[in-house]
Amino acid sequence: LRYSLNIFHYTWKDIILFVPGAGGNTAQNVGKQKGKGLEFELNWHLDNNLTLLSSYAFQKSTNKLSDDDAGRSPQHQIGLNLHYTINNQWQLNSQFNWVMDRARQPGDTRSDIDDYRLVDINTAYQLSNNINIRLSVKNIFDSDAREPSPLGSPTASIPNDLPLAGRSVELTLRYQFASN
């Protein structure tokens, strides 16, 4: 069993923001942001063949110009990974990621962005010393997962945010050449 706790604090100065002016919006180094948070990780070898990796992260970032939440970053994130070695040839891995509580940037009046949960499954088969076959299914439940997009001024607006990939299936055959 191994665990760790990381605590952090940061200050970000001179953030480039577009400021309205007589000639239109101009990029200026005027932004300031502060943040703090923590991350807890747990790595537990349940037995010789089964390992659980888990993590929880909390982050609070503040736009110091408006004293509002800086937006776009998740305040809470949970990750779980279960790795099972079935035998010398087969391995199975599952991963779960839950992203929660992302505020919009100050001044962004769009509705809150939804939380999302993603589940991935991978299985690998060692055919020989130098041939490996892997089957991966990502976003197995085809969740509508999105990351917040910028406000859209002066850049192009993305009204429905940045979509993450839907369900995907990947089959990989890897051959490793022997080295002398």
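All values below were derived from every heavy atom in this structure, side-chain atoms included, with hydrogens, water molecules and symmetry-related copies excluded. This is a predicted model, so every value here is computed, not measured. Starting from 1, each residue takes its place in the sequence as its number.
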Next on the checklist: So which atom in Ile158 and which in Arg110 form the shortest heavy-atom distance, rounded to 0.1 Å?
Outcome noted: O-NH1, 3.1 Å
Item to check | Heavy-atom side-chain contact between Gln105 and Arg72 under 4.5 Å | outcome: yes
Item to check | Flag side-chain contact, heavy atom, 4.5 Å: Asn97 against Leu80 | outcome: no
Checklist entry - Does a donor on one side chain and an acceptor on the other come within less than 3.5 Å for Ser61 and Gln59? => result yes
Next on the checklist: Tell me whether Tyr116 shares a hydrophobic cluster with Ile140, the cluster being built from Ile, Leu, Val, Met, Phe, Trp, Tyr side chains joined at under 4.5 Å.
Outcome noted: no
Checklist entry - Would you say the side chains of Thr172 and Glu170 form a donor-acceptor pair under 3.5 Å? => result yes
Checklist entry - Which atom names give the shortest non-hydrogen contact between Asn122 and Ser136, and what distance separates them? => result OD1-OG, 2.6 Å
Next on the checklist: Donor-acceptor check, side chain of Gln126 to backbone of Ser128, threshold 3.5 angstrom: yes or no?
Outcome noted: yes
Checklist entry - When rounded to the nearest 0.5 angstrom, what is the spacing between CZ in Phe96 and OG in Ser54? => result 12.0 Å
Item to check | Reported OH-to-CD1 distance for the pair Tyr125 and Ile131, which is rounded to 0.5 angstrom | outcome: 10.5 Å
Checklist entry - Can you find a heavy atom in the side chain of Leu164 that is under 4.5 Å from one in the side chain of Asn139? => result no
Item to check | Qualifying residues under ring-ring contact (aromatic ring centres under 6.0 Å, His included), relative to Tyr84, sequence neighbours excluded | outcome: none
Checklist entry - Is the CG atom of Asp47 crowded by more than 12 outside heavy atoms at less than 6.0 Å? => result yes
Checklist entry - Listed by chain and number, what are the salt bridge (Lys or Arg N to Asp or Glu O under 4.0 Å) partners of Asp144, not counting sequence neighbours? => result Arg146
Next on the checklist: Could you check whether any side-chain heavy atom of Trp98 comes within less than 4.5 Å of a side-chain heavy atom of Asp115, counting everything from C-beta outward?
Outcome noted: yes
Checklist entry - Roughly how far, to the nearest 0.5 Å, is CG of Leu127 from CD1 of Ile133? => result 5.0 Å
Next on the checklist: Can you tell whether the side chains of Arg104 and Asp69 come within less than 4.0 Å, N to carboxylate O?
Outcome noted: no
Checklist entry - When rounded to the nearest 0.5 angstrom, what distance separates CD in Gln95 from CG in Leu118? => result 9.0 Å
Item to check | Partner residues of Thr85 under the side chain to side chain donor-acceptor pair (under 3.5 Å) criterion, sequence neighbours left out | outcome: none
Checklist entry - Does a side-chain heavy-atom distance below 4.5 Å link Thr123 with Trp90? => result yes
Which pairs of donor and acceptor atoms, one on a side chain in residues 12-23, lie under 3.5 Å apart (sequence neighbours left out)?
none

Item to check | Other residues, nucleotides, ligands: >12 heavy atoms within 6.0 Å of Asn29 CG | outcome: yes
Item to check | Interatomic distance, Lys138 atom NZ to Ile121 atom CD1 [nearest 0.5 angstrom] | outcome: 12.5 Å
Checklist entry - Hey, are the side chains of Asp161 and Ile113 touching, using non-hydrogen atoms and a 4.5 Å cut-off? => result yes
Item to check | Verdict with supporting geometry, Arg134 and Arg174, side-chain contact (heavy atoms from CB on, under 4.5 Å) | outcome: CA-CA 8 Å; Arg134 177 179 297 273; Arg174 187 177 78 184; over 6 Å; no
Checklist entry - Listed by chain and number, what are the side-chain contact (heavy atoms from CB on, under 4.5 Å) partners of Pro74, not counting sequence neighbours? => result Gln77, Val99, Arg102
Checklist entry - For Lys64, does the NZ atom sit with more than 12 other heavy atoms under 6.0 Å from it, leaving out its own atoms? => result yes
Item to check | Side chains of Leu135 and Val169 in contact at under 4.5 Å (non-hydrogen atoms) | outcome: yes
Checklist entry - When the ring centroid of Phe58 is compared with that of Tyr56, is the distance short of 6.0 Å? => result no
Checklist entry - Should we count CG of Asp142 as having more than 12 external heavy atoms under 6.0 Å? => result yes
Item to check | Contact summary for Leu162 and Pro148, nearest pair of heavy atoms | outcome: CD1-O, 4.0 Å
Next on the checklist: If I take atom CG from residue Leu53 and atom OG from residue Ser55, how far apart are they, to the nearest 0.5 angstrom?
Outcome noted: 9.0 Å
Checklist entry - Between Leu52 and Leu1, is there a shared hydrophobic cluster once you connect ILVMFWY residues whose side-chain heavy atoms come closer than 4.5 Å? => result yes
Donor-acceptor pairs are to be reported for all side-chain atoms of residues 32-45 against protein atoms at under 3.5 Å, with residues two or more places apart or in another chain.
| from | atom 1 | to | atom 2 | distance (Å) |
| --- | --- | --- | --- | --- |
| Gln33 | NE2 | Tyr10 | OH | 2.7 |
| Glu41 | OE1 | Ser4 | OG | 3.4 |
| His45 | ND1 | Thr51 | OG1 | 3.0 |

Checklist entry - With a cut-off of 6.0 Å (strictly less than), are more than 12 heavy atoms of other residues, nucleotides or ligands near CZ of Phe8? => result yes
Checklist entry - Should Thr62 and Asp68 count as side-chain neighbours, where that means a heavy-atom distance under 4.5 Å? => result no
